[in-house]
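Chain letters run A, B, ... following the sequence lines, proteins first, then strands; residues in each count from 1.
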Protein chains: 4
Amino acid sequence: MGGAQERPLRADAARNRARLLDVATEVFTTRGVGVPTEEIARIAGVGVGTLFRHFPTKEALLEAVMVRRLEEMAARTAQLAAGADPAEAFFACFRLLVEQSEGKNELAGALAAAGVDVHASLQGPTMEIQGRLGDLLAGAQRAGAVRPELGLPEFVALLAGTGRALEQLGADPAPRERIFEVVFDGMRPH
Amino acid sequence: MGGAQERPLRADAARNRARLLDVATEVFTTRGVGVPTEEIARIAGVGVGTLFRHFPTKEALLEAVMVRRLEEMAARTAQLAAGADPAEAFFACFRLLVEQSEGKNELAGALAAAGVDVHASLQGPTMEIQGRLGDLLAGAQRAGAVRPELGLPEFVALLAGTGRALEQLGADPAPRERIFEVVFDGMRPH
Amino acid sequence: MGGAQERPLRADAARNRARLLDVATEVFTTRGVGVPTEEIARIAGVGVGTLFRHFPTKEALLEAVMVRRLEEMAARTAQLAAGADPAEAFFACFRLLVEQSEGKNELAGALAAAGVDVHASLQGPTMEIQGRLGDLLAGAQRAGAVRPELGLPEFVALLAGTGRALEQLGADPAPRERIFEVVFDGMRPH
Amino acid sequence: MGGAQERPLRADAARNRARLLDVATEVFTTRGVGVPTEEIARIAGVGVGTLFRHFPTKEALLEAVMVRRLEEMAARTAQLAAGADPAEAFFACFRLLVEQSEGKNELAGALAAAGVDVHASLQGPTMEIQGRLGDLLAGAQRAGAVRPELGLPEFVALLAGTGRALEQLGADPAPRERIFEVVFDGMRPH
DNA sequence: AATGAATGAGCATTCATTCAT
DNA sequence: GATGAATGAATGCTCATTCAT
């Protein structure tokens, strides 16, 4: 499976890397990807040089943020998929992914805009998530809980769209819940 | 009330303004809001100075693009709302607005990111659209075609979300149609 | 012969461009090519933006400096070549080119280091000069004033080498003259 | 006089120092002095820290490279000067020094650009070489093989210039040889 | 009114040098 | 002594905006 031979990384270096990733995730998500690298480094309490030692490009930093998010999602998805009832697992997972992905849209857009094969390192996690989602969807469809004509692409599109709808709304939980009701009811067989 | 005292604008100036708006709409929608002002001017066949005479800020240009889109939407909405069956009008209008708004998300985001009271000049068209949409929604709900607990904010959120979902999908019409089915079925009373 | 369609350039713009070229020539020659672009702009009394408007890259500026030098050389060479006695013209021209090229070595090196086909725009002037030099050399050889086995490459190498030798020496004219004597005597038939 | 009190240096440290010097010589000569210190360290198989322990500045490294080259030259010069015929020794030595110094020009330039008293540590070897060269030159002049009016400075300038001329040429030996012929013939009494 | 040259703050990135491990 | 992570000043370049022509 290739993969670079990566030296374990000294404790402090690992801490800095993690801190940078945390700060970048937070900052890119809340303030957009236009935030200067220097500010990210400053908030993380390191010099710019350190940021660029860990992520040779701003784009590489964006990518790393995305990859981590995707990996977290994959992990959560795996947990839920292991649960009992397929239908329940499906809807719980949908909810989870939507809530996890708030603010992620711009990141993905920036990455897409940045260039050609950015997806190189995103392929892995993306494929993994999509595989799990496919299983989940198939299980729910077999259980008769989801319209059989929906494919994985539509499912993913609905995830993104539902996330977008929630972003539009404020923090008040009632309207948010109503969005979920609409989407969940709509996905059920008619 | 009533806006600034605006001199009627010479014919060529009006043509330039319109051309800039067209180009900006096209370019911002397809290539993102990061495109330099100079390029917009160049494509429109005018100097940058002219662009800045008509729109004193890049942000003002973004705003004008949005305003025009909103106004067009308001007009279309009005046409449809005037039609016969409330339920039919509601769903037709939803579809129309969603399809009209593809690529608009980033614009709105950029505007939101740009600052506080950008909405000043968007208030007018937005209010008008929202008013019409409210009427449409109320009509459809009275006709029993839409769940009564959905408010205008949820409706607007669903518009944005459905647009986002379609962006995720390719040009193939079948999956796109399935998204509409899910959302429309979900909005109906259960 | 192709060539970009170049608008005549406004008077002030032309002045700035010329000034930047003058300053860059002076500064690169005396202090090396490592001098920051900002400083060149500052000395020329313009902003960095102006520098980059005229020369889209630092490398492009270096190239322009070289091109101008080469063109001047070509012009001088042409003048001398038009003169009477071939042998006399040859030696006068050699002297002139050597003296003109002091400090040019580093420029050429930087350009060479910068990349592959930098020579694109240098080809023209270079070819022109080399053509004239070839004529000059052939004339001098026909007149029996220069060893017949010397080719154009050796001639050019001797130009560069003599320039380098003079750089090594101070401003005192006597030793400089002795270098010319050695080289000129060495080029004569033996 | 006498230099700093220098502890004999542990075996591995000495090996590292030598390796760094070798790598730096190779790299600076072939790729220019712009190569980052980190890369030199990497090629030498040590950390940057080690490089800076041995050479407190990049400039110090450049200087050490030069000093070693000069010392080697001095040694070779001494060998040749010890040989029989003064004229023969002179020309052989000239040839040798020229060939040894290819690629050295940029180093010297960088050093000169670096500042004030760089020459401090170069004085020693330089003086030694110049002394030997002076002897060689004087011997050749006494033997009537070299024009009597040439001084040491001109001789050194011719060395540098001939090196430069050869750099201009490719690897083909015939034109290179013709350069030597020109210079050698030019140095002989006329 | 239109033009496009000029401006300069701002940004991503590099690299010599330091210092904790 | 060796290592390489951290530092941050410096650099080339961009782009929204202004203003002389």
Upstream residue (5' side of DNA chain E) when Glu38(C) and Gly34(D) are each assigned their closest nucleotide: Glu38(C)

So, using side chain to side chain contact (heavy atoms under 4.5 Å, CB included) as the criterion, who are the partners of Glu72(D) when residues are at least two apart? Arg68(D), Gln100(D)

Nucleic acid contacts - residues 45-53 of chain B versus DNA chain E, non-hydrogen atoms under 4.0 Å: Val46(B), Gly47(B), Val48(B), Gly49(B), Thr50(B), Arg53(B)

First of Lys58(C) and Asn16(A) reached from the 5' end of DNA chain F, by closest nucleotide: Asn16(A)

For Glu167(B), enumerate each residue passing the side chain to side chain donor-acceptor pair (under 3.5 Å) test, keeping only those at least two apart in sequence or located in another chain. Asn105(B)

Could you pull out all residues at least two apart from Ala18(A) that satisfy side chain to side chain contact (heavy atoms under 4.5 Å, CB included)? none

DNA chain E: 5'-proximal contact among Pro36(D) and Phe55(A) (nearest heavy atom): Phe55(A)

Distance-minimising heavy-atom pair for Leu20(A) and Phe55(A): CB-CE1, 4.1 Å

State, to 0.1 Å, how close Leu51(C) and Thr37(C) come at their nearest heavy-atom pair, and which atoms those are. CD1-O, 3.5 Å

To the nearest Å, give me how far apart CD1 (Ile40(B)) and C1' (dT14(F)) are. 16 Å

Looking only at heavy atoms, what is the nearest atom pair of Val35(D) and Phe28(D), with distance? O-CE2, 4.2 Å

Position toward the 5' end of DNA chain F (nearest nucleotide), Asp12(A) or Val35(C): Asp12(A)

Atom pair distance, as rounded to whole Å: CZ in Arg19(B) and C1' in dA2(E): 15 Å

Nearest-angstrom distance from the residue atom CG of Leu20(D) to C1' of dA2(F): 12 Å

Specify the separation, in whole Å, of atom CD of Glu39(D) and atom P of dG4(F). 15 Å

So, does His54(A) get its side chain near the phosphate of dA6(F), meaning an N or O under 4.0 Å from OP1 or OP2? yes

Determine whether Asp12(D) and Arg15(D) make a side-chain contact, defined as any pair of heavy atoms from C-beta on separated by less than 4.5 Å. yes

How is the base pairing of DNA chain E summarised as a dot-bracket string, given the Watson-Crick and G-U wobble criteria with both distances under 3.5 Å, [ ] for crossing and | for another strand? .||||||||||||||||||||

Between Thr37(D) and dC15(E), is there a contact of a side-chain N or O with OP1 or OP2 at under 4.0 Å? no

Whole angstroms only, please: what is the CZ-C1' distance between Arg17(D) and dG1(F)? 15 Å

Donor-acceptor contacts under 3.5 Å from residues 39-49 of chain D side chains, at least two apart:
unit_1	atom_1	unit_2	atom_2	d
Glu39(D)	OE1	Arg31(D)	NH2	3.2
Glu39(D)	OE2	Arg31(D)	NH1	3.4
Glu39(D)	OE2	Arg42(D)	NH2	3.1

Measure from CG on Leu61(C) to P on dT11(F) and round the result to the nearest Å. 16 Å

Polar side-chain atom of Lys58(D) near backbone of Phe52(D) as donor-acceptor pair, under 3.5 Å: no

